[in-house]
Structure formats: C-alpha cells, structure tokens
There are 2 protein chains.
Amino acid sequence: MAKQAVGIKDVAKAAGVSVGTVSNTFNRPQSVAPQTRERINAVVQRLGYVRSESARQLRSGSSRIIALLVLDMGNPFFVDVARGAERAARAAGLGVMVCNTAQSPAEEAEYIELFIEQRVRGVLVTPADPSGRTLAPLRRQGIPHVMVDRLAEESQGCSVSVDDVAGGALAAGHLLAQGHRRIAYVSGPQHLQQIKDRRTGALQAIAAAGLPAETLTEIPTRHLDIAGGRDAAARLLGLPERPTAVFCANDLLAMGLQQALFAAGVKVPDEMAVVGYDDIDFASATAVPLTSVRQPSADMGRLAAELLLQEVSADDETETEHEHRHVILQPELVVRASSMYRVR
Amino acid sequence: MAKQAVGIKDVAKAAGVSVGTVSNTFNRPQSVAPQTRERINAVVQRLGYVRSESARQLRSGSSRIIALLVLDMGNPFFVDVARGAERAARAAGLGVMVCNTAQSPAEEAEYIELFIEQRVRGVLVTPADPSGRTLAPLRRQGIPHVMVDRLAEESQGCSVSVDDVAGGALAAGHLLAQGHRRIAYVSGPQHLQQIKDRRTGALQAIAAAGLPAETLTEIPTRHLDIAGGRDAAARLLGLPERPTAVFCANDLLAMGLQQALFAAGVKVPDEMAVVGYDDIDFASATAVPLTSVRQPSADMGRLAAELLLQEVSADDETETEHEHRHVILQPELVVRASSMYRVR
DNA sequence: CGACGGTATTGAATCGTTTCATCTGACTCG
DNA sequence: CGAGTCAGATGAAACGATTCAATACCGTCG
C-alpha cells in the first residue's frame with residue numbers, strides 16, 4: 001500500500017526536462033528559465049515530490065544536522081540550552097538532534113559513534129566524561145565540536161562555559177553576608193567539573209571573608225535531581241552542628257531539599273537559608289521562591305551553536321585557519337525569599 | 001586539515017579484499033571466513049572507518065531514525081514521554097529525534113517536511129493541529145505515524161492516548177467528594193483536545209453528583225505554563241463568588257497558581273484546594289505537594305514507539321496488512337496535601 | 001576421475017541526488 | 001554572413017554503501 005517513492009527522475013520525465021534542470025530549479029533557480037521553473041514546480045506539487053536528504057548528503061559528504069548532547073534532559077536548564085542552540089541552528093538552516101547522556105560516559109561514547117555514522121555537521125556537547133576521551137573519535141573524523149558548560153582545555157576545541165568558580169563564590173558570599181557561619185554544600189558526582197568549581201568558588205569566598213575552610217561542609221549526592229535533594233536534607237539535618245544555610249549544586253537538589261525541610265518543619269529561610277544553582281523556571285515557582293545563581297542558559301546554547309557554525313564554515317573555505325575560542329560567561333545571583341533572613 | 005574520509009573501498013584495498021566482503025563482514029559476519037573477518041576488523045580499527053549512514057539509507061530507502069514531535073519540551077511530562085519512546089526505539093536499534101512544536105501547527109508542518117526529507121522510519125506526534133491536516137504529507141509518503149496523547153480518528157493511524165475525560169472526572173469527583181461546590185477549571189488553548197476532554201470529564205462528574213453545570217467556572221489561559229498559572233490565580237481571586245477549589249489542566253499551571261495563591265496569602269488547601277494534571281516530578285516537590293492526575297507518560301511513549309515499530313515491520317513484509325490500533329490508557333489520581341481539607 | 005556441493009569471495013549494478021563540462025539555439029555585431 | 005556571446009538545458013560521472021548473480025576453490029562421493 002505504501003506509495004512508491006517519487007524521485008527526481010520521475011519529476012524530470014513528467015515535466016519533460018532533464019534531471020539536471022530539476023536539480024537546478026532547487027539549487028540555483030536563477031539559472032533556469034522562469035517558465036520552465038514554474039512547470040517543474042507544478043509537477044513537484046502534483047507528484048508530492050520531496051528531495052531525499054540522504055542522497056544529498058551522500059553527495060555533499062555531511063548532513064544538515066548538528067547534534068546536541070546534554071547531561072540530563074530532565075533538567076530544565078538543559079532544555080533552555082537546547083532551545084538557544086536550536087534557534088541559532090535553524091536560523092542557519094540546520095536541524096538539531098538532541099540526545100541525553102544521563103551523565104554516563106558510555107552513553108556519550110555510543111551517541112558520538114551514532115553521530116559519526118550520521119556524518120553530522122557538528123556536535124555540541126556537555127561532556128559526561130571528564131577526560132574528553134570520548135570526543136577523540138570526533139577529532140579523528142574532523143567533525144567540529146564545541147563544549148558547552150565546560151571550559152575546554154587547550155586545543156580540545158571551542159567551548160562556551162559559565163564561570164562556575166565565580167558562581168560558587170557568589171552563592172557562598174551571599175550567605176556569608178547574611179551572617180551565616182556554618183554552610184553546607186550539597187554537591188553531586190565528583191567527576192563533574194562544575195561540581196568541583198562551584199565548591200572551589202565557595203571556599204574562595206569563605207577564605208576571602210577570613211573564615212576557616214571548615215565553615216563549609218560538603219554533602220555529596222549520587223544524582224543531581226529532586227530525589228537527591230530529599231536525601232541530602234536528611235543527612236543535612238543529621239549533622240552534629242547543624243548548618244544554618246545550604247548551597248545546592250543545582251536547583252533540582254534545592255527543590256527536593258526545600259520540600260524535605262518543609263516536611264520536617266524546618267522553616268526556610270529562618271532556620272535554614274537555601275541557595276540553588278541554574279535559576280530554572282521552577283525555582284521561582286516554589287512556595288518560598290528560591291534564591292539561585294542564574295546561568296545564561298539559552299545564550300550559552302546560542303553562542304555554542306554560533307561558534308560551531310563558524311568553525312564549520314571555516315572548515316569549508318580551508319583558507320582561513322580556524323582558531324579555537326573559549327567564551328566564558330558570568331553567572332548572576334538572583335536573590336529571592338529562600339535566603340533572606342526575616343527582618344529582626 | 002580535516003582528515004579525508006575513509007570509505008569502504010579504502011578498507012577493502014588495505015585488507016586486500018573486495019568491497020563486497022567488507023560489507024558482508026558488517027551485515028552477515030557468518031558468511032565471511034573468520035580469519036578474513038578479523039583481518040578486516042583490524043583494518044577498520046586502524047583506519048578508524050565508520051559506515052556512512054547516508055549511503056546505507058540511500059540504498060535501503062529509509063533512515064534508522066524515528067521522529068518524536070512534542071507540544072512543549074519545557075514540560076517534564078513530554079520529557080517523560082520522550083524517555084519512554086527513546087528506550088523502546090533504541091532497544092530496536094533506532095535513534096530518536098525529538099523536536100518541539102511549541103503548540104504551533106506551522107512549526108509542526110515545517111518539522112514534518114523535514115522528517116520526510118530525512119526519510120525517517122516513522123513519526124510519533126502529539127498533534128498541535130487538531131485537524132490532522134499537517135499529517136497528510138506523511139500519509140501521502142506512506143510514512144508510518146502514531147499519535148501520542150491523542151485519540152486518532154478512524155483511519156488516521158494508530159494512537160496511544162490517555163482517557164482525558166476519565167481524568168477530568170477523577171479530578172472533579174475528588175474535589176466534589178471533599179465537599180467543594182464551586183470549582184474553577186483553569187484551562188488552556190481551546191484547540192487542544194485534551195483541554196476539552198478534561199472539561200467534559202469534570203462536567204460529567206458534576207452531573208453525576210446531581211449538581212448544576214454552573215458549579216464549574218472555566219478560566220482559560222493562553223499558555224499551559226507556570227506564568228499562565230500565575231495569571232489565572234489573579235483572575236480566580238477576582239471572581240465574584242470565589243470558588244473553593246481549582247482544577248488545573250496541567251501541573252505547570254497548578255504550580256504557578258499555587259505560588260501566586262501563596263503570595264496572596266490564600267492558604268492551600270484550607271482556603272483553596274488545588275488539583276493538577278500530569279503528575280510531573282516537580283508537582284510532588286512543591287511545599288504543599290500537589291494532588292494530580294497521573295498519566296503513564298513513559299508508558300505512553302514506549303507503547304507508541306512499539307506500535308510504530310510494529311507498523312514499520314508490517315510495511316516491510318507486505319503480506320500482513322497493518323491494522324490501526326488505538327490504545328487508551330487510564331489515568332490515576334494521586335492525592336497529596338494540596339487538596340485535602342484539614343481535619344475539622 | 002569427473003560430477004557435485006558447499007563455502008568464501010568477487011564485482012557490477014543500484015539507490016537519488018549534485019555538479020560540471022558540454023551542447024544547443026537564438027541573438028548581436030562587425 | 002560568419003564569428004562570438006550568452007542563457008538554458010543536457011546527461012554522465014560521482015558520492016559510499018548494499019545486494020546478488022556469478023565464480024573460484026576445495027573436498028567428497030560414486
């Protein structure tokens with residue numbers, strides 16, 4: 001029952017021209033006589049002909065798609081990044097394929113392989129593997145890639161990242177300024193650079209305030225999600241000297257934590273101030289709106305895509321040698337109720 | 001600088017065999033002598049050869065990718081659907097390309113065109129256009145498609161949906177059982193079938209309780225998101241006879257609404273009971289956990305993908321004629337604090 | 001020894017485009 | 001009238017894989 005696919009030859013025959021002319025109507029309309037063009041377009045319409053991308057890319061060597069590999073599709077932060085990237089890519093006539101590594105280097109490697117098979121035009125990636133080894137095949141194939149939310153090492157390619165050290169310092173600095181002297185840092189998987197940098201930033205702020213490093217107590221979690229936040233709350237409340245403030249490595253953790261605190265009857269912010277990270281939409285929708293470190297997520301996606309497109313076109317005209325660039329954006333603290341002491 | 005792509009011919013030459021043999025090593029290894037196979041694999045490894053998908057699909061006529069078109073990537077409900085679909089597809093060796101229509105029929109049509117160009121194996125779609133007209137090109141090209149979260153009309157193809165009428169009835173019935181007699185329905189764009197069905201269900205429950213239709217006051221919103229919920233709250237509180245309970249067409253609305261109520265000092269659930277829809281993870285993470293109608297989102301994605309795969313293989317062996325199937329899943333009410341009257 | 005069977009390999013045809021060198025007329029100009 | 005120009009159209013080669021009929025080789029059996 002499936003219709004037989006109609007190809008460019010069928011169109012050519014029906015319009016009484018050669019395949020070359022049909023192809024030209026699509027790719028350089030100005031070189032085809034107007035009336036021929038119209039006749040062909042009419043036939044295309046009538047037969048419902050659609051170009052086969054696979055045939056085009058076979059000829060051109062690479063597809064019109066860029067891939068985006070994110071750590072967690074369930075985190076709205078990455079959804080925002082994806083949106084930014086998608087907009088930029090579509091403006092350039094490219095499609096975006098978004099895939100989720102769930103922070104697993106193995107998944108990451110698998111997807112990279114898939115992308116190479118697809119001969120994607122380029123790859124945007126928030127790396128799950130800190131070594132960057134999973135990206136080696138891309139380099140080998142000469143496929144441009146840009147790291148997102150991660151500063152690339154020298155010669156590893158372009159990157160767009162946010163200064164996580166500064167972000168950590170902002171969060172901790174804010175809590176210190178509110179008078180807190182025992183602060184918990186709810187972190188995540190230690191192999192993620194972001195986690196480490198945010199801690200570093202927090203410690204810097206503490207040192208700058210002339211306080212000892214012990215001011216910060218780290219509470220690691222296995223997963224950067226809401227459930228992880230709930231778990232962390234239990235451990236937080238079980239600490240011998242209970243902190244009066246907590247800085248969470250992302251908003252999902254903060255939300256889970258905040259809920260568990262509420263359930264345990266611990267008042268936010270009076271008994272426990274909370275600061276999150278990412279400033280996702282949901283963060284401002286909690287009953288006690290969450291103070292959070294905002295990352296310019298959509299911008300990051302957009303910039304990364306633009307950098308990638310630049311690199312792609314530099315590859316084309318081999319004359320201009322491409323210089324890897326590293327864009328570092330600055331985070332911003334958004335203060336809301338969850339970290340403001342009641343006026344006393 | 002970009003490495004020259006290595007093709008199957010290079011491998012064949014380097015291994016001293018014909019291209020056919022190399023191809024066979026990949027596609028029917030058992031028909032190649034073990035030692036030849038090993039030699040070829042070694043060469044593949046050494047040269048870093050990767051099959052070109054475009055060439056394969058050109059030959060086979062369709063790609064190894066299925067597309068998933070969702071209404072709103074920012075809604076975790078659809079992320080769950082995507083996860084379910086992705087798992088099923090990858091189990092069958094297919095990739096999934098997820099795209100976001102943002103509820104715009106125009107975007108939907110554009111993406112459909114893209115999918116046809118890509119000759120995707122099949123399409124899963126949560127339709128933004130109620131007429132189903134945007135799907136016509138798919139039918140024309142004989143590309144299998146399954147509607148997700150929407151009951152397809154006869155002969156429009158397979159579908160996997162959740163009984164939204166039942167869901168609406170569950171929500172309203174629950175509120176009625178709690179003694180509420182003035183209920184608001186915060187709805188969304190009227191062209192979405194889900195919105196209409198949930199209202200229908202609510203009205204059925206009201207009728208079943210022997211109450212007048214006026215028991216339900218509809219508050220429409222433009223967008224099914226958190227901001228829409230905040231807006232709705234203002235209108236809700238401005239109503240002449242303020243309802244004592246509100247049923248929101250999805251959880252995002254409910255979250256925005258709940259926050260605005262909190263800010264306005266309206267106690268949930270004492271002064272206003274709230275019920276949402278979808279039961280997204282975030283819904284249970286609010287300070288006052290949200291009562292919500294749970295949809296088996298991941299199951300829906302999985303089932304839809306499975307139905308699609310079935311249809312795909314039925315198309316292959318043209319012997320078995322494919323019968324369109326319609327799976328209707330049942331929603332489930334998850335009662336949490338936001339709708340439970342304090343014990344009086 | 002010749003016919004046969006089975007396994008492993010070959011190489012040409014094919015998929016649907018794009019590209020480019022070539023061709024065709026029509027028109028202009030000296 | 002012949003040469004030159006130019007817009008438009010042509011058709012074959014190429015892209016990189018898969019597939020399949022044909023072949024080569026080897027051992028076995030009658």
Side-chain angles (χ1 to χ4, degrees), chain A residues 2-41 43-44 47-64 114 116-121 141-142 316, chain B residues 2-41 43-44 47-64 93 116-121 141-142 316:
Chain A
K3 316 285 194 303
Q4 192 48 43
V6 7
I8 201 174
K9 277 193 285 226
D10 305 296
V11 175
K13 197 176 303 174
V17 295
S18 75
V19 293
T21 305
V22 178
S23 177
N24 281 337
T25 15
F26 287 118
N27 303 312
R28 345 135 133 60
Q30 78 291 356
S31 84
V32 176
Q35 61 168 8
T36 314
R37 210 188 308 156
E38 268 177 49
R39 184 155 38 98
I40 291 175
N41 282 330
V43 173
V44 166
L47 300 186
Y49 165 75
V50 181
R51 299 223 278 304
S52 154
E53 257 301 304
S54 26
R56 307 189 70 191
Q57 40 182 90
L58 172 57
R59 193 81 231 288
S60 70
S62 94
S63 80
R64 307 186 58 70
L114 178 69
I116 296 178
E117 284 184 2
Q118 303 278 348
R119 301 290 192 270
V120 298
R121 200 64 144 269
Q141 302 284 340
D316 288 353
Chain B
K3 316 284 194 304
Q4 192 48 42
V6 8
I8 200 173
K9 276 192 285 227
D10 305 295
V11 175
K13 195 176 304 174
V17 296
S18 76
V19 293
T21 305
V22 178
S23 177
N24 282 336
T25 347
F26 287 117
N27 303 312
R28 347 131 126 68
Q30 78 291 355
S31 85
V32 176
Q35 61 169 8
T36 313
R37 210 188 307 155
E38 267 177 50
R39 184 154 40 99
I40 291 175
N41 282 330
V43 173
V44 166
L47 300 186
Y49 165 76
V50 181
R51 300 222 278 304
S52 155
E53 256 302 302
S54 24
R56 308 188 67 191
Q57 38 181 93
L58 173 57
R59 193 80 230 289
S60 71
S62 94
S63 79
R64 306 185 57 71
I116 296 178
E117 285 185 0
Q118 302 278 350
R119 302 287 193 272
V120 298
R121 198 67 143 267
Q141 301 284 339
D316 287 354

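Just so we're on the same page: letters track the sequence lines, and every chain starts at 1.
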message: Without decimals, in angstroms, what is the distance between B/Arg28 CZ and D/dT18 P?
response: 9 Å

- request: Look at the side-chain N and O atoms of A/Arg37 and state whether any lies under 4.0 Å from the OP1 or OP2 oxygen of D/dG8.
  value: no

message: Using whole Å, what does the distance between atom C1' of nucleotide C/dT17 and atom CD of B/Gln57 come to?
response: 13 Å

statement: On a heavy-atom basis, the closest approach of B/Arg37 and B/Pro29 is NE-O, 3.2 Å

- prompt: What integer distance in Å separates A/Glu38:CD from D/dG8:C1'?
  reply: 16 Å

field: Closest nucleotide among D/dA9, C/dT10, C/dG16 to the A/Leu58 side chain
entry: C/dG16

query: Within the pair B/Thr36 and C/dT9, is there a side-chain N or O less than 4.0 Å away from OP1 or OP2?
result: yes

message: Looking at B/Gln30, I'd like to know if its CD atom is crowded, meaning that more than 12 non-hydrogen atoms belonging to other residues, nucleotides or ligands lie closer than 6.0 Å.
response: yes

message: Both A/Val19 and A/Val32 contact DNA chain D. Taking the nearest nucleotide for each, which residue is further toward the 5' end?
response: A/Val32

message: Whole angstroms only, please: what is the CD1-P distance between A/Ile8 and C/dT19?
response: 11 Å

field: Closest non-hydrogen atom pair, A/Glu53 against A/Arg64
entry: OE2-CD, 3.6 Å

message: Using whole Å, what does the distance between atom P of nucleotide D/dG8 and atom CD of A/Gln30 come to?
response: 10 Å

- request: Specify the separation, in whole Å, of atom CD of A/Glu117 and atom C1' of D/dT18.
  value: 15 Å

query: Of A/Phe26 and B/Asn24, whose nearest nucleotide on DNA chain C comes first from the 5' end?
result: B/Asn24

- prompt: Of all the nucleotides listed (C/dT17, D/dG8, D/dA9), which has the minimum atom distance to the side chain of A/Pro34?
  reply: D/dG8

task: Grab the two heavy atoms, one from B/Phe26 and one from B/Val44, that are nearest each other, plus how far apart they are.
output: CZ-CG2, 4.1 Å

message: C/dT17, OP1 or OP2 - any side-chain N/O from A/Ser23 closer than 4.0 Å?
response: no

- request: Specify the residue among A/Ser54 and B/Ser31 whose closest nucleotide of DNA chain C lies further upstream toward the 5′ end.
  value: B/Ser31

message: Does D/dG11 have OP1 or OP2 under 4.0 Å away from a side-chain N or O of A/Ser18?
response: no

task: Taking all non-hydrogen atoms of both residues into account, name the closest pair between A/Ser18 and A/Ala12 and its distance.
output: C-CB, 3.8 Å

task: Starting at atom NZ of A/Lys9, determine the distance to atom P of D/dG11, rounded to an integer number of angstrom.
output: 13 Å

- request: Would you tell me if any nitrogen or oxygen in the side chain of A/Arg119 comes within less than 4.0 Å of OP1 or OP2 on D/dG16?
  value: no

field: Atom-pair distance (CZ on A/Arg56; P on C/dT18), nearest Å
entry: 5 Å

- prompt: Is a donor-acceptor pair below 3.5 Å formed from side chain A/Arg59 to base D/dA14, judging by atom type as modelled?
  reply: yes

query: B/Gly7 near the nucleic acid: base, sugar-phosphate alone, or nothing, with a heavy-atom cut-off under 4.0 Å?
result: sugar-phosphate

query: What are the two closest heavy atoms between B/Asp10 and B/Ala5, and how far apart are they?
result: OD2-O, 4.2 Å

statement: Taking C/dG16, D/dA17, D/dT18 as options, the one with an atom nearest any side-chain atom of B/Asn27 is D/dT18

